[in-house]
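Working notes, structure below.
In this text, all values refer to a predicted model and were calculated from it rather than measured experimentally.
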Amino acid sequence: MDKFFIIQQIKSNIGILPKHKAILKGLGLRYINHIVKRRKNKSILGMIKKISYMLQVK
């Protein structure tokens, strides 16, 4: 069982809600096609669900 999420930003952060921009910053995503690796936990899962329209999770 893998203990990490691999998260890729697939949409721009221009024109989105300020709360969603804060979530992107919290995840460590900065630009389109940026990929980060984050541990699986409930807080990260909640962030992913909030902005799922902007992300691709592997």
Side-chain angles (χ1 to χ4, degrees):
M1 185 172 161
D2 199 13
K3 296 188 179 193
F4 292 95
F5 287 119
I6 298 174
I7 308 165
Q8 180 178 11
Q9 182 178 344
I10 58 171
K11 286 184 77 177
S12 173
N13 63 351
I14 297 172
I16 65 170
L17 295 171
K19 285 184 178 181
H20 291 190
K21 282 187 183 183
I23 292 170
L24 281 174
K25 187 175 180 182
L27 288 171
L29 294 165
R30 298 184 180 134
Y31 48 87
I32 298 172
N33 293 326
H34 190 198
I35 298 174
V36 295
K37 187 175 176 182
R38 296 288 172 251
R39 285 201 179 271
K40 282 189 177 180
N41 60 37
K42 290 182 180 181
S43 61
I44 298 296
L45 184 59
M47 290 179 176
I48 290 171
K49 284 183 179 181
K50 282 278 190 183
I51 58 169
S52 61
Y53 66 95
M54 298 184 66
L55 304 176
Q56 182 178 12
V57 182
K58 299 175 185 176

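Residues in residues 9-18 take part in no side chain to side chain donor-acceptor pair (under 3.5 Å) pair, two or more places apart or across chains.
A chain of hydrophobic side-chain contacts below 4.5 Å, direct or via other Ile, Leu, Val, Met, Phe, Trp or Tyr residues, connects V57 to M54. When the side chains of ILVMFWY residues are joined at heavy-atom separations under 4.5 Å, either directly or via intervening members, V36 and L24 end up in a single hydrophobic cluster.
Distance check: L55 CG to I10 CD1 gives 7.0 Å after rounding to the nearest 0.5 Å.
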For residues 26-34, which side-chain donor-acceptor pairs fall under 3.5 Å, sequence neighbours excluded?
residue	atom	partner	partner atom	Å
N33	OD1	Q8	NE2	3.2
H34	ND1	R30	N	3.1

For residues 42-53, which side-chain N or O atoms pair as donor and acceptor with protein atoms under 3.5 Å away, sequence neighbours left out?
residue	atom	partner	partner atom	Å
S43	OG	N41	OD1	2.9
Y53	OH	H20	ND1	2.7

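In plain terms, the two heavy atoms of F4 and K40 that are nearest each other are O-CE, 3.7 Å.
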